4 protein chains.
Amino acid sequence: TKPFALIAGPCQMESRDHAMEMASALKEMAQNLGLGLVYKSSFDKANRTSGSAKRGIGLDKALPIFADIREELGLPVITDVHEPDQCKKVAEVVDVLQIPAFLCRQTDLLVAAAETGKPVNVKKGQFMAPWDMKNVLAKLCDAGNQDVLLTERGASFGYNTLVTDFRSIPIMAETGAPVIFDATHSVQQPGGQGNSSGGERRFVATLARAAVAVGVAGLFIETHEDPDSAPSDGPNMVPLSELETLLTDLIAIDYLIKTPATETA
Amino acid sequence: TKPFALIAGPCQMESRDHAMEMASALKEMAQNLGLGLVYKSSFDKANRTSGSAKRGIGLDKALPIFADIREELGLPVITDVHEPDQCKKVAEVVDVLQIPAFLCRQTDLLVAAAETGKPVNVKKGQFMAPWDMKNVLAKLCDAGNQDVLLTERGASFGYNTLVTDFRSIPIMAETGAPVIFDATHSVQQPGGQGNSSGGERRFVATLARAAVAVGVAGLFIETHEDPDSAPSDGPNMVPLSELETLLTDLIAIDYLIKTPATETA
Amino acid sequence: TKPFALIAGPCQMESRDHAMEMASALKEMAQNLGLGLVYKSSFDKANRTSGSAKRGIGLDKALPIFADIREELGLPVITDVHEPDQCKKVAEVVDVLQIPAFLCRQTDLLVAAAETGKPVNVKKGQFMAPWDMKNVLAKLCDAGNQDVLLTERGASFGYNTLVTDFRSIPIMAETGAPVIFDATHSVQQPGGQGNSSGGERRFVATLARAAVAVGVAGLFIETHEDPDSAPSDGPNMVPLSELETLLTDLIAIDYLIKTPATETA
Amino acid sequence: TKPFALIAGPCQMESRDHAMEMASALKEMAQNLGLGLVYKSSFDKANRTSGSAKRGIGLDKALPIFADIREELGLPVITDVHEPDQCKKVAEVVDVLQIPAFLCRQTDLLVAAAETGKPVNVKKGQFMAPWDMKNVLAKLCDAGNQDVLLTERGASFGYNTLVTDFRSIPIMAETGAPVIFDATHSVQQPGGQGNSSGGERRFVATLARAAVAVGVAGLFIETHEDPDSAPSDGPNMVPLSELETLLTDLIAIDYLIKTPATETA
């Protein structure tokens with residue numbers, strides 16, 4: 001029985017110190033819980049609701065920090081790419097490249113990510129049917145990379161609202177790709193605060209429990225020691241202090257549903 | 001730890017023999033599994049997609065059969081009402097009155113159901129926000145009946161499609177009412193077969209697992225020994241032969257999430 | 001060239017005096033504009049968001065007032081029915097029976113309305129695909145009544161929001177039934193004010209212009225001399241003082257699109 | 001009274017000959033009708049449903065052809081850009097840069113397009129509320145370019161379906177930017193044919209009439225002499241042979257609604 005993998009970290013990379021502290025804390029937590037961890041942070045929030053919102057420290061400052069996290073803490077890292085020509089450079093440092101949801105059909109970006117040979121995690125667009133992700137996967141495979149993860153992060157439901165259709169998990173799993181559930185972006189309210197996106201942190205546990213019970217290969221959870229002061233995604237990130245309890249509950253469900261009935265009897 | 005209650009039965013009451021057979025089989029299954037069971041069937045499918053579809057055997061023929069199920073098998077029964085003046089008559093026989101989703105805002109029907117004094121299960125309309133069910137609940141309470149259940153059965157998502165928003169379970173639970181998840185109507189495709197509704201039976205387990213992991217007071221599952229020959233809801237009903245395995249999985253999740261961590265440790 | 005028919009009036013019948021004043025004003029306006037008018041008011045708002053909201057004066061008080069409007073002003077009248085056993089009584093007085101959107105699939109109500117022999121206007125449910133209204137129409141035709149109107153009034157779009165899909169007008173028109181556009185309910189925000197429905201009156205003209213340009217047989221517009229004081233639907237009703245200007249604009253579009261190009265050249 | 005501008009052309013640039021023929025035919029048509037025309041074609045379909053679908057002739061081959069259209073036919077041209085570093089090069093040749101809907105929140109692309117000084121047409125994302133386009137506009141204005149057009153092209157409505165919410169036209173117009181209606185992409189069915197997007201060409205006229213009646217600064221219509229053989233967007237493009245009749249109808253509505261009542265009396 002293999003538990004779900006955890007992709008976690010603060011939405012933005014804020015500084016070297018902050019990243020090392022968060023990564024250390026998450027590493028210890030994951031070890032205690034027996035979870036595989038991939039540390040996630042963005043070097044650039046390339047599609048903020050508002051142009052005046054903080055975008056992050058940028059690729060050049062972030063890559064050495066990712067390298068340090070890998071070396072000093074021994075953690076694999078994941079970050080998102082936004083332009084084809086970022087892929088090669090980023091892939092020299094990080095372990096997994098991530099394709100943002102809005103960009104999940106941009107062929108050049110998918111191909112450039114695939115051609116790095118690194119695993120690629122593609123977030124399903126808010127405008128995509130789950131069965132259409134097979135075409136996205138094919139773009140990557142046709143570029144020679146079959147090491148692809150697919151992530152559910154909510155579908156457009158009227159304005160400023162997302163809904164998670166949990167049928168998408170088995171539908172995407174039929175492609176053979178591991179399916180990840182992004183529990184913190186799924187509770188986002190895109191653009192819902194006028195100049196920034198809102199979110200309903202209180203439903204992260206609700207949706208994460210549902211996803212684990214359906215059966216996922218991994219969970220994606222953004223976390224921060226003080227979400228309300230974070231430069232982005234504050235309304236939907238999980239406070240670091242609450243993450244271990246949440247994960248403990250989720251691990252129990254995950255273990256249960258992944259264990260053959262004969263073993264639990 | 002109280003497990004979820006099970007509301008189950010074939011969509012339509014077809015005949016006395018069929019009803020007794022189904023009810024007996026479900027009673028035995030529920031006893032084996034340690035589940036409370038309420039037997040469900042409709043005497044009238046009052047809003048079929050097509051006027052030429054089978055509507056059922058009717059109130060007058062159905063009530064004596066419900067009475068027999070209660071007496072001979074000792075099972076509580078639930079059925080749906082469509083007109084205010086049906087409520088009193090139906091309440092003389094059945095244990096729980098159910099308000100169909102399309103009718104969940106019809107004040108007279110809600111009041112007439114409430115005034116019977118019997119518990120009332122209201123299905124959330126496909127057009128309703130979960131937070132608006134507090135107003136429905138208030139209509140029943142104001143009529144003197146606080147014994148109300150609220151059921152999630154999917155929300156309109158484009159045409160001929162429903163999506164289940166699992167946030168609705170904690171949102172409706174905040175009213176204090178027990179929340180039921182209707183796992184078979186939630187996979188319906190309303191009007192999706194041109195002259196009748198379609199459905200995706202294969203996702204019943206997916207959505208039911210999610211609901212139980214979120215935490216529900218009850219599950220509503222329509223079942224039939226031969227769904228593809230059933231007079232209604234065939235595409236979404238669970239074959240009776242597959243129900244026990246499904247329930248066994250769900251009970252394990254339910255037990256896990258309802259048991260305090262200290263007890264499982 | 002036949003202009004669109006106008007179905008108009010205040011949402012609720014409030015009193016005999018109010019009804020006669022509104023009907024007189026609308027009659028004069030329609031005559032000035034050369035529009036056929038059917039006076040609309042509800043005797044009962046049977047599905048208010050909240051049970052404590054005003055429901056109306058009731059069938060028994062309303063029917064004599066409808067009779068007076070017909071006799072004294074010579075206006076045809078339309079009102080909505082909610083139970084099968086109301087149809088016959090209402091049909092003795094009014095010219096057109098209307099089926100509310102939530103009830104558009106209730107077979108008994110449709111059949112009872114059809115059997116009166118009076119024209120029946122069915123509002124498309126917020127949860128219905130436009131192509132599925134052919135089945136609703138068939139229920140009425142099979143009951144012996146082919147004098148059916150179909151009305152577009154918005155589709156569920158996320159929570160507390162409707163969207164009007166103008167493709168529905170030609171799709172429903174393919175059935176052969178005259179298609180009406182309900183310009184005031186289409187801007188409703190169902191349940192959007194917590195205990196009552198909101199609405200965006202400022203978009204009535206936007207959507208009405210779109211509908212007329214697509215081509216409709218009729219427009220349904222609720223109006224009131226003081227919408228903000230009206231007992232229901234205030235946020236979306238058009239002030240009576242603004243109606244003539246709105247209609248004048250709409251008539252010009254309607255005339256243009258219904259006139260063969262050779263005549264306008 | 002200024003009529004709507006027309007942005008038209010085949011979805012993809014196929015060859016020099018094809019482009020010159022299409023542009024010539026459209027130029028003549030627009031002159032006959034008294035419409036301003038901007039010739040549109042894509043040099044790269046960067047987000048095809050399937051990786052094996054035709055993407056186009058590419059930037060390097062396309063720019064000289066755009067230059068020829070401008071010089072030989074005197075037509076302004078518009079094309080879409082997908083990466084920030086394309087903007088400058090493209091802006092040397094084309095008159096208007098277009099931001100694809102999926103990319104409408106990519107800050108770097110918006111800024112790069114703005115900094116060319118050329119007018120920028122941004123398509124509203126299928127996942128965006130119309131009121132959130134003010135933030136997109138601000139990103140461009142803050143980059144020093146106020147010459148921005150906003151285009152409605154449908155919103156996600158369930159899976160594989162778009163709906164056009166015509167309230168978006170006045171809402172986006174409140175920003176002060178000219179609003180364009182894209183009549184051919186609004187009838188797309190994204191991913192709706194399994195490996196490619198479907199579309200319902202028959203509703204182009206329906207939605208275009210609605211948009212013009214609401215009031216738009218421009219219409220965007222993709223056209224082809226043989227849509228069913230076109231390399232992309234065949235199901236939704238308008239046959240060139242039907243375009244003049246469609247435009248004639250739309251011009252009449254446009255003229256009517258933009259002419260002060262006193263002038264038409």
Side-chain angles (χ1 to χ4, degrees), chain B residues 44-53 55 82-85 100-111 114 125-143 154-163 165 167-168 171 189-197, chain C residues 44-53 55 82-85 100-111 114 125-143 154-163 165 167-168 171 189-197:
Chain B
D44 182 20
K45 306 309 295 176
N47 58 28
R48 296 298 304 261
T49 301
S50 164
S52 58
R55 290 187 52 168
H82 316 279
E83 310 280 342
D85 61 15
F102 291 158
L103 305 183
C104 75
R105 280 181 45 164
Q106 301 299 316
T107 308
D108 287 344
L109 180 62
L110 293 166
V111 169
Q126 297 86 339
F127 46 82
M128 291 280 284
W131 42 83
D132 290 333
M133 289 301 284
K134 69 175 187 299
N135 294 309
V136 169
L137 179 61
K139 288 183 185 182
L140 293 151
C141 292
D142 291 349
S156 288
F157 184 61
Y159 294 134
N160 300 316
T161 311
L162 299 174
V163 70
D165 179 359
R167 294 172 299 185
S168 70
I171 291 170
Q189 297 170 317
Q193 299 189 330
N195 296 321
S196 65
S197 289
Chain C
D44 182 19
K45 307 307 296 176
N47 57 28
R48 296 299 302 262
T49 300
S50 164
S52 58
R55 289 187 52 170
H82 316 279
E83 309 281 343
D85 60 16
F102 291 158
L103 305 182
C104 76
R105 280 182 45 166
Q106 300 300 316
T107 307
D108 287 343
L109 181 61
L110 293 166
V111 169
Q126 298 86 338
F127 45 81
M128 292 280 285
W131 44 82
D132 290 333
M133 289 300 285
K134 71 175 187 298
N135 293 309
V136 169
L137 179 62
K139 288 183 185 182
L140 292 152
C141 291
D142 291 349
S156 287
F157 184 62
Y159 294 134
N160 300 314
T161 311
L162 299 174
V163 69
D165 179 358
R167 292 172 299 185
S168 70
I171 290 170
Q189 297 170 316
Q193 300 189 329
N195 296 320
S196 65
S197 290

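For the numbers below, each heavy atom of this structure counts, side chains included, while hydrogens, waters and symmetry mates do not. A quick note: this is a predicted structure, and the numbers were derived from the prediction, not measured. So you know, we letter chains A, B, ... as the sequences are listed, proteins then strands, and number each from 1.
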Between C:P100 and chain B, which part of the residue has a heavy atom less than 4.5 Å away: side chain, backbone, both or neither?
-> neither
Toward chain B, the part of C:D132 with a non-hydrogen atom under 4.5 Å | side chain
So C:W131 and B:Y159, would you call those rings parallel, tilted or perpendicular, with 30° and 60° as cut-offs?
-> perpendicular
Which portion of C:L162 sits near chain B, non-hydrogen atoms under 4.5 angstrom | neither
Roughly how far apart are C:L110 CG and B:N47 CG, rounded to 0.5 Å?
-> 10.0 Å
Point-to-point distance, once rounded to the nearest 0.5 Å, from NZ of C:K134 to OG1 of B:T49 | 9.5 Å
Minimum-distance pair of heavy atoms, taken over all atoms of C:K139 and B:S50 | CE-C, 3.8 Å
Considering only heavy atoms and a distance below 4.5 Å, find which of B:G125, B:P130, B:P190 pairs most often with chain C.
-> B:P130
Given B:S52, B:A101, B:S156, the one with more heavy-atom pairs under 4.5 angstrom with chain C than any other is B:S156
Examine whether an atom of C:K45 lies under 4.5 Å from a heavy atom of chain B, and if so say whether it belongs to the side chain, the backbone or both; otherwise answer neither.
-> neither
Give the member of C:E83, C:Q126, C:M128 that has the highest number of heavy-atom pairs under 4.5 Å with chain B.
-> C:E83
Chain B interface, residue from C:V136, C:D165, C:D142 that has the most non-hydrogen pairs under 4.5 Å = C:D165
B:L103 CG to C:H82 NE2 distance, which is reported to the nearest 0.5 Å | 13.0 Å
Under 4.5 Å from any heavy atom of chain B - which part of C:A46 = both
Determine the minimum heavy-atom distance between C:R48 and B:R105, stating which atoms define it.
-> C-NH2, 3.8 Å
